[in-house]
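What follows is one structure encoded as structure tokens, with my remarks underneath.
The chains referred to below are lettered A, B, ... by the order of the sequence lines, with proteins before strands, and numbering in each begins at 1.
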There are 2 protein chains.
Amino acid sequence: MKKTVFIFSALIVALLILFQISKYSYVNGDVAIETIISVIAVVFLGIGLYVNKSNSKKHIPRNNNIIDQNKISALGISKREYEVLLEIAKGFSNKEIGEKLFVTESTVKTHVSNILLKLEAKRRTQAIQKAKELQIIPS
Amino acid sequence: MKKTVFIFSALIVALLILFQISKYSYVNGDVAIETIISVIAVVFLGIGLYVNKSNSKKHIPRNNNIIDQNKISALGISKREYEVLLEIAKGFSNKEIGEKLFVTESTVKTHVSNILLKLEAKRRTQAIQKAKELQIIPS
DNA sequence: AGTTAATTGGTACTTTAGTATGACTCCCAA
DNA sequence: TTGGGAGTCATACTAAAGTACCAATTAACT
């Protein structure tokens, strides 16, 4: 909200400055009224575009690719377990995950079991669903 | 792109109209220069806001909750198979899905096998992943 | 130095998941 | 009316997934 206050302040200041400049210039006959109006028009068109852009940017990140790191550690999920979780969500088997992470299938199974406990899931598919709900993996 | 052309045309027309109005009003001494400038400023501020809004709206629909019905039928996935697919994505076991849809686990297995064939997946987790990529199930 | 958590790996076992095949019913379009 | 797709179910099998315990190593912390 600080930004909004700043923008409107700048807007008012700009308005006053332009008033004075245009008055002064006109009185002296230096500048044509068309020029003054054009400058005003362009400036405020630009302000309108800028304000709208900075507002619309806030609405774009509706997709939750923002991973909640706090929840991961709150659940006690370790670095390695998390890596396994990501591979599970991609649809890989335990064997494939083992090959990817350079560990045996046995190790992967251990990690998976721990993940299921920590996410309170009965199956890996349920773990995927819960992890996405908790926003700890990208959807 | 038609909209953009329209907007810029309207912009130019508005500019010309304002030129004439301001000239005429000033010559007659009816209106103060401050008023003219204020009107110009407000009008172009409004234009700036409007143009960017209609542009940014096009970028918003990045979320894909829109299910592609055409792809489902293109893949030859039947109504019942699709129902099973949705339950798989929710993390249910074959037995649980059977209870939900009032069929035996055996029937669910048949459906699952067909789904895996049609989605070219080796596992149900991979089927979930592919289905989400194809936007045939909500993410 | 001792403790703890994380990572790794193994064995043995149970439970799901998935495949293959066959069969029955229902309904719809040719 | 008949062929085919969709849906249902069963059996028998193989393949993954998951559980339970145990154990060794390493890095970090006290």
Side-chain angles (χ1 to χ4, degrees), chain A residues 67-134 136-137, chain B residues 67-134 136-137:
Chain A
I67 291 157
D68 197 333
Q69 200 71 35
N70 295 328
K71 276 181 193 163
I72 297 172
S73 46
L75 290 164
I77 294 172
S78 72
K79 187 162 38 309
R80 209 57 168 161
E81 283 163 1
Y82 183 69
E83 289 175 331
V84 171
L85 178 57
L86 288 176
E87 298 304 321
I88 288 174
K90 289 176 190 164
F92 292 108
S93 70
N94 290 338
K95 184 180 268 181
E96 287 169 339
I97 295 170
E99 285 164 4
K100 277 197 155 195
L101 302 184
F102 305 107
V103 292
T104 63
E105 190 188 342
S106 177
T107 305
V108 176
K109 281 188 176 186
T110 306
H111 288 319
V112 172
S113 263
N114 291 331
I115 292 167
L116 295 182
L117 278 175
K118 288 168 184 178
L119 286 177
E120 296 178 86
K122 289 174 188 167
R123 286 163 290 280
R124 48 171 53 211
T125 50
Q126 200 173 22
I128 295 170
Q129 164 67 9
K130 287 204 174 188
K132 286 186 178 177
E133 265 184 19
L134 292 167
I136 62 177
I137 60 171
Chain B
I67 292 159
D68 198 333
Q69 200 70 35
N70 296 327
K71 276 181 193 161
I72 297 173
S73 46
L75 290 164
I77 294 172
S78 71
K79 187 164 32 320
R80 207 59 166 162
E81 283 162 1
Y82 183 69
E83 290 175 331
V84 172
L85 178 57
L86 288 176
E87 299 304 320
I88 288 174
K90 289 176 190 165
F92 293 107
S93 69
N94 290 338
K95 183 181 267 181
E96 286 169 339
I97 295 170
E99 286 164 5
K100 275 198 158 195
L101 303 183
F102 304 108
V103 292
T104 63
E105 190 188 343
S106 177
T107 304
V108 176
K109 281 188 175 185
T110 306
H111 288 319
V112 172
S113 263
N114 291 331
I115 291 167
L116 296 181
L117 279 174
K118 289 169 184 177
L119 286 176
E120 296 178 84
K122 288 175 190 166
R123 287 163 290 279
R124 48 169 57 209
T125 49
Q126 201 174 22
I128 295 171
Q129 165 67 10
K130 288 204 173 188
K132 286 185 179 177
E133 264 183 19
L134 292 167
I136 63 178
I137 60 171

### Task
Rounded to the nearest angstrom, tell me the gap between atom CG in B:Leu101 and atom P in D:dA6.
17 Å
### Task
Starting at atom CG of B:Leu75, determine the distance to atom C1' of D:dA6, rounded to an integer number of angstrom.
17 Å
### Message
So, OP1 or OP2 of D:dA10: does either fall under 4.0 Å of a side-chain N or O from B:Ser106?
### Response
no
### Query
Between D:dT8, D:dC9, C:dT8, which nucleotide gets closest to the side-chain atoms of A:Arg80?
C:dT8
I'd like a table of atom pairs between the protein and nucleotides 26-30 of chain C - only N or O on both sides, under 3.5 Å - with the distance next to each one.
none

#### Entry: Whole angstrom value for the distance that separates P of C:dT7 from CD1 of A:Ile97
15 Å
#### Entry: Pairs involving residues 70-85 of chain A, ordered by first then second residue, that meet salt bridge (charged side-chain N to carboxylate O under 4.0 Å, His left out) (sequence neighbours left out)
A:Asp68-A:Lys71, A:Arg80-A:Glu83, A:Glu81-A:Lys118
### Task
Would you list the pairs meeting salt bridge (charged side-chain N to carboxylate O under 4.0 Å, His left out) in which at least one residue belongs to residues 101-111 of chain B, sequence neighbours left out?
none
### Difference in axis direction between the ends of the helix from C:dA1-D:dT30 to C:dA30-D:dT1, five pairs, 10°
40°
## Note on the structure
Closest non-hydrogen atoms of A:Ala89 and A:Ile137, given as atom of the first, atom of the second and distance, are CB-CD1, 3.8 Å
### Query
Is there a donor N/O on one and an acceptor N/O on the other, under 3.5 Å, for the side chain of A:Ser78 and the base of C:dA6?
no
### Query
With a 4.5 Å limit on heavy-atom distance, are the side chains of A:Leu101 and A:Val84 in contact?
yes
### Summary
Between CD1 of B:Ile128 and P of D:dA17 the distance, given in whole Å, is 12 Å
### Task
Look at the side chain of A:Thr104 and decide which nucleotide, out of D:dC9, C:dT7, C:dG10, has an atom nearest to it.
C:dG10
### Message
Does any part of the side chain of B:Phe92, heavy atoms only, come nearer than 4.5 Å to the side chain of B:Val108, both counted from C-beta?
### Response
no
I'd like a table of atom pairs between the protein and nucleotides 27-30 of chain D - only N or O on both sides, under 3.5 Å - with the distance next to each one.
none

### Query
For A:Glu96 and D:dA16, what is the distance between atoms CD and P respectively, to the nearest whole Å?
9 Å
### Task
Name all residues meeting the side-chain hydrogen bond (donor to acceptor under 3.5 Å, both in side chains) criterion together with A:Thr104; count only those two or more places apart in sequence or in a different chain, and write none if there are none.
A:Thr107
### Message
B:Gln126: which residues meet the side-chain hydrogen bond (donor to acceptor under 3.5 Å, both in side chains) condition with it, sequence neighbours left out?
### Response
none
Could you pull out the protein-nucleic contacts involving nucleotides 13-19 of chain C (nitrogen or oxygen on both sides, under 3.5 Å)?
from	atom 1	to	atom 2	distance (Å)
C:dA17	OP2	B:Asn94	N	2.9
C:dG18	OP1	B:Arg124	N	2.7
C:dG18	OP2	B:Arg124	NE	2.8
C:dG18	OP2	B:Arg124	NH2	3.3
C:dG18	N7	B:Lys109	NZ	3.3
C:dG18	O6	B:Lys109	NZ	2.7
C:dT19	OP2	B:Ser113	OG	2.7

### Task
State the CG-CG distance between A:Leu75 and A:Leu117, to the nearest 0.5 angstrom.
12.0 Å
### Query
Which residues satisfy the side-chain hydrogen bond (donor to acceptor under 3.5 Å, both in side chains) test with A:Lys100, sequence neighbours excluded?
A:Glu87
### Query
Can you pull the salt bridge (charged side-chain N to carboxylate O under 4.0 Å, His left out) pairs that have at least one residue in residues 122-131 of chain A, sequence neighbours excluded?
A:Arg123-B:Glu96
### Message
Is there a side-chain contact between A:Thr107 and the phosphate of C:dG9, meaning an N or O under 4.0 Å from OP1 or OP2?
### Response
yes
### Query
Nearest-Å distance, OH (A:Tyr82) to P (C:dT7)?
14 Å
### Summary
Rounding to 0.5 Å, atoms CD1 (B:Ile88) and CD1 (A:Ile128) come to a distance of 11.5 Å
### Summary
Nearest heavy-atom approach of B:Ile77 to B:Ile136 is CD1-CD1, 4.2 Å
### Below 4.0 Å: OP1/OP2 of D:dG7 and any side-chain N or O of B:His111
no
### Task
For B:Leu116, enumerate each residue passing the side-chain contact (heavy atoms from CB on, under 4.5 Å) test, keeping only those at least two apart in sequence or located in another chain.
B:Val112, B:Ala121, B:Ala127
### Query
By side-chain contact (heavy atoms from CB on, under 4.5 Å), which residues pair with A:Glu133, not counting sequence neighbours?
A:Gln129
